[in-house]
Amino acid sequence: MHTYVVLLGLPGAGKGTQARRLVDSFGLYWISTGDILRRIALEEHDLAQRVKSIMESGRLVDDETVYEVVQHYLESEESRYPGVILDGFPRNLRQGEMLENYLETIHHEKGLHAVYFDMEPERVVRRLTARRVCPGCQRVYNQESHPSSMGDLCEACGEPLIQRADDAEAVVRKRIQTYLEETRPLVDYYERLAKLVKVPADDTETVVYKRLAALVERWLHSDSETLRL
Ligand code: AMP
């Protein structure tokens, strides 16, 4: 059985950072809908313009568009990996149900586990407004917790670092509101399905990582055991 790990939590709670480490350690397939949509937004067509303006307002892109993207990535790649990390999807109850239906249709048996990154909203505002990214290599820094040793330039490629448009404070506050209204109900949804694990996310990156790595190792093992039975 395939393992699916859904990362839930406020934007800025560390999901992307932890996803990258888990992908490196366990060879998982990583789907970040935020990253995919940001790439689409750079293109030159009507859909790209629509996606760009929605993202810059802090609202959610429509469910059908996002689901189509996720389904495409899952169908084309997932079979080559032991498991998938879903970072940023599902983002509301409807998307949660779309994912359940997809997994039921494809796999019948589902090894889905949701991890909730528990963090206070005000902590997230401080973290996100201090975030800087390299437009060249996409490396992520944080002026508070993980600054570049080269000041405003990327350590890896020397490009001037930028702030993502959706990390501006007003947009961050709107994203938090969107999260509380739309995404937070998924925490209760997965709890009712007995698929939720809560992880305190305000510890250091390494402490959070160790907790997650222990969980993922167990899930990969137990889900593949289920396949053999
Ligand atoms: P993120 O980097 O995950 O915080 O996503 C950045 C933005 O992309 C969000 O504020 C949304 O506008 C959009 N987005 C990402 N994932 C989804 C999703 N599953 N459904 C709808 N919109 C999304």
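Nothing fancy with the numbering, it's 1 onward along the sequence. For ligands, and for the atoms within them, numbers begin at 1 and follow the listed sequence.
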> Between Y4 and E78, is a side-chain hydrogen bond (donor to acceptor under 3.5 Å, both in side chains) present by the stated rule, with each step listed?
Replying inline: CA-CA 10 Å; Y4 296 84; E78 67 169 330; 2.4 Å; yes
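The neighbour count for E68 CD, taken as heavy atoms of other residues, nucleotides or ligands under 6.0 Å away, does not exceed 12.
Other residues sharing the hydrophobic cluster of L42, ordered by chain and number and joined by side-chain separations under 4.5 Å: none, the residue standing alone.
A side-chain N or O of S25 and one of Y209 form a donor-acceptor pair less than 3.5 Å apart.
Using a heavy-atom distance under 4.0 Å as the criterion, the protein contacts of ligand 1 are T33, G34, L37, R38, M55, R59, L60, V61, V66, G88, F89, R91, Q95, R164, D166, R175.
Shown here are the salt bridge (charged side-chain N to carboxylate O under 4.0 Å, His left out) partners of R123, two or more places apart in sequence or in another chain: E144, D202.
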Table please: side-chain donor-acceptor pairs of residues 180-191 below 3.5 Å, with sequence neighbours left out.
| unit_1 | atom_1 | unit_2 | atom_2 | d |
| --- | --- | --- | --- | --- |
| E181 | OE2 | Q177 | NE2 | 3.0 |
| T183 | OG1 | R91 | O | 2.8 |
| R184 | NH1 | Y116 | OH | 3.3 |

